[in-house]
2 protein chains.
Amino acid sequence: MNKTTLQIKMLYNKMGSAEKRIADWLMENPGKIISLSISELAEQCGCGEATLVRFARRLGFGGYQELKISFAREDGSAKTADGISAEDSCFQIFEKVSEDIYCSLEMTKNSLDAQNLETAAKAIMNGKRIMIYGLGNSAAVALDFQHKLMRLGYNAVSFCDNHMQSISASHLTKKDVVIGISHSGSSKDIVDAVKIAKQNGATTISITNNGKSPIVKQSDIALYTASNETKYSILGLNSRIAQLAIINAIYYYISCQDKNSSKTIKTTEESLQSKKF
Amino acid sequence: MNKTTLQIKMLYNKMGSAEKRIADWLMENPGKIISLSISELAEQCGCGEATLVRFARRLGFGGYQELKISFAREDGSAKTADGISAEDSCFQIFEKVSEDIYCSLEMTKNSLDAQNLETAAKAIMNGKRIMIYGLGNSAAVALDFQHKLMRLGYNAVSFCDNHMQSISASHLTKKDVVIGISHSGSSKDIVDAVKIAKQNGATTISITNNGKSPIVKQSDIALYTASNETKYSILGLNSRIAQLAIINAIYYYISCQDKNSSKTIKTTEESLQSKKF
DNA sequence: TCATATATGAAAATAATTTTCAACAGTTAT
DNA sequence: ATAACTGTTGAAAATTATTTTCATATATGA
């Protein structure tokens with residue numbers, strides 16, 4: 001599946017009935033748009049030309065022509081990513097997983113607030129200590145974040161022990177920053193620890209897939225991922241990748257903004273040299 | 001070089017001076033035609049619109065539009081993902097990171113051997129014990145893998161302590177499976193541990209970005225990621241995501257193939273219920 | 001040199017696209 | 001329930017793009 005098709009599917013629910021008809025026609029007739037003018041397509045879809053222009057704009061194009069060209073670029077051979085089944089080879093599953101990851105990243109682009117992201121990155125840069133809490137699935141993400149921040153020379157620690165999380169949170173001050181990671185946003189222990197940190201005046205950041213979750217109430221800054229994985233799993237596998245993408249973005253942002261970072265990164269690399277063949 | 005470009009070169013000698021000017025401009029400005037109207041391009045080439053229409057017809061197209069679309073289709077390499085700079089907002093960086101992740105996944109699709117992937121997944125399913133080794137960056141990936149396999153009810157353990165890695169490897173048998181994760185493939189301790197495991201007869205699997213690395217020599221099965229990140233980092237951030245995608249694929253594959261898994265996943269979920277709000 | 005064939009671009013004709021606007025549907029506030 | 005608001009829609013107008021026509025220019029070969 002290509003980028004444009006993907007985007008159409010993502011925005012489908014937000015479309016009006018005429019736009020949905022357009023989306024449906026495009027899905028059912030892959031590649032055909034390329035040889036049609038706006039009036040011809042309007043007739044096919046039973047809508048006005050204006051609606052087609054709006055449709056194109058909504059997808060981020062300048063107009064109908066650009067939409068058409070985008071379809072031409074991205075090849076008509078539209079693969080449709082179905083669910084994963086027992087007949088699939090492991091490689092086919094890999095392809096589907098890639099597709100879903102891509103989809104989740106696009107969705108996260110919509111749900112992630114640019115201002116919050118920037119504020120969170122700056123808070124981390126100014127924090128005296130950075131505490132990162134995650135459990136289960138999110139523990140690996142927390143560890144990844146700690147690792148990256150340490151490479152940049154920051155005083156970052158991650159905990160995947162709920163006692164340690166609460167203990168560490170209880171000793172924080174308003175100079176410190178806490179990052180709570182929970183896909184559901186409802187992990188009791190993480191919420192507790194973040195709450196304690198907030199009571200102590202620390203800046204609290206949460207990374208979650210659920211906007212209406214308890215962790216958000218305890219957060220000064222909430223970073224939302226998005227993913228459509230009800231299909232074949234309760235596990236938020238794709239939102240996890242989106243979390244990592246957010247972490248990568250923050251990492252790069254800090255490494256660009258922080259003037260010491262290039263030196264620090266070099267120091268890190270040097271320290272690891274002897275560990276390699 | 002694409003079909004249309006080739007044809008233009010073939011017919012070049014038969015063209016008049018104005019048409020040659022068009023051909024020259026197109027060669028010097030690859031891809032630019034896509035965003036230009038016929039009048040704009042006519043001005044660029046210093047010729048009349050009519051000449052452009054004739055030019056397109058001569059190449060076998062119905063008109064200017066078709067020529068334009070043909071260029072759009074054949075010019076896949078027009079991705080303009082720049083590097084990350086200090087002027088970028090954190091959100092812009094997130095967008096670039098997403099783009100790179102997508103790119104890396106596509107590249108990995110090419111470098112990953114379907115047969116090896118399947119073999120690795122089956123070996124894991126049949127392994128008595130699964131040992132996963134990673135250090136630094138790769139420790140988080142190893143932890144993630146362990147977590148997923150445990151959810152499926154497998155006897156999986158990850159170590160990010162080089163002593164524990166070697167110790168555990170020294171006690172393995174040919175019924176066991178070892179997974180060594182190293183972006184560079186040159187991490188001494190990981191290679192050592194995998195080597196020990198291999199000497200003991202365990203099935204060894206490696207996940208790495210480097211086909212010609214020491215770890216591959218110690219592996220029965222090598223799974224290669226791919227990524228282009230020389231641009232702004234030594235860290236293999238994107239290959240890391242590709243590693244996780246491989247892990248996700250294996251997870252789903254096993255959960256489809258292993259008949260007990262749905263029960264096990266349910267048990268896992270139940271065990272976590274009390275931890276949530 | 002001249003007749004013929006071909007190439008060219010300005011302008012006219014046609015077609016495609018975009019904008020405007022009024023009607024309408026659904027939602028929220030009063 | 002009603003008013004005010006918000007967003008969707010397509011017909012028609014306005015704009016822009018493309019194609020055709022045609023007069024002129026240029027080259028070719030007898």
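Chain letters run A, B, ... following the sequence lines, proteins first and then strands; every chain starts at 1. Values below: every heavy atom of this structure, side chains too, minus hydrogens, waters and symmetry copies.
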Seminar exercise, completed: Min and max contacting nt of DNA chain D in 5' to 3' order, chain A heavy atoms within under 4.0 angstrom, are dT8(D) to dA11(D)

Problem set entry | Gap between atom CD1 of I246(A) and atom CG of N116(A) - 0.5 Å precision | 10.5 Å

Exercise. Where the side chain of T4(A) meets the backbone of F71(A), is there a donor-acceptor pair that is under 3.5 Å apart?
Worked result: no

For this session: May I ask you to say whether D144(A) pairs ionically with K148(A), meaning some side-chain N is under 4.0 Å from a carboxylate O?
Result: yes

For this session: Identify whether the distance between the nearest side-chain nitrogen and carboxylate oxygen of R58(B) and E19(B) falls below 4.0 Å.
Result: yes

Problem set entry | Whole-Å gap separating P (dT18(C)) and CD (E66(A)) | 9 Å

Problem set entry | Nucleotide dA15(C), atom C1' - distance to CG of L41(A) in whole Å | 16 Å

For this session: Tell me what S39(B) touches on the nucleic acid: a base, only sugar-phosphate, or nothing, going by heavy atoms under 4.0 Å.
Result: base

Exercise. With no hydrogens and no angle check, is any side-chain donor or acceptor of T204(A) less than 3.5 Å from a backbone partner on D220(A)?
Worked result: yes

Problem set entry | Whole-Å distance separating the CD atom of E19(B) from the C1' atom of dG9(C) | 13 Å

Seminar exercise, completed: Atom OH of Y64(B) and atom C1' of dT14(C) are separated, to the nearest Å, by 18 Å

For this session: Determine whether I181(A) and Y133(A) make a side-chain contact, defined as any pair of heavy atoms from C-beta on separated by less than 4.5 Å.
Result: no

Exercise. dA16(C) phosphate, OP1 or OP2: any side-chain N/O from Q65(A) under 4.0 angstrom?
Worked result: no

Exercise. Just how far is it from atom NZ of K68(A) to atom OG of S37(A), taken to the nearest 0.5 Å?
Worked result: 7.0 Å

Seminar exercise, completed: Residues in residues 42-52 of chain A with a heavy atom under 4.0 Å of DNA chain D, by number, are G46(A), C47(A), G48(A), A50(A), T51(A)

Exercise. Given side chains that start at C-beta, do those of L26(A) and I8(A) come closer than 4.5 Å, heavy atoms only?
Worked result: yes

Problem set entry | Nearest-Å distance for atom pair CD1/P, residues I38(B) and dA15(C) | 16 Å

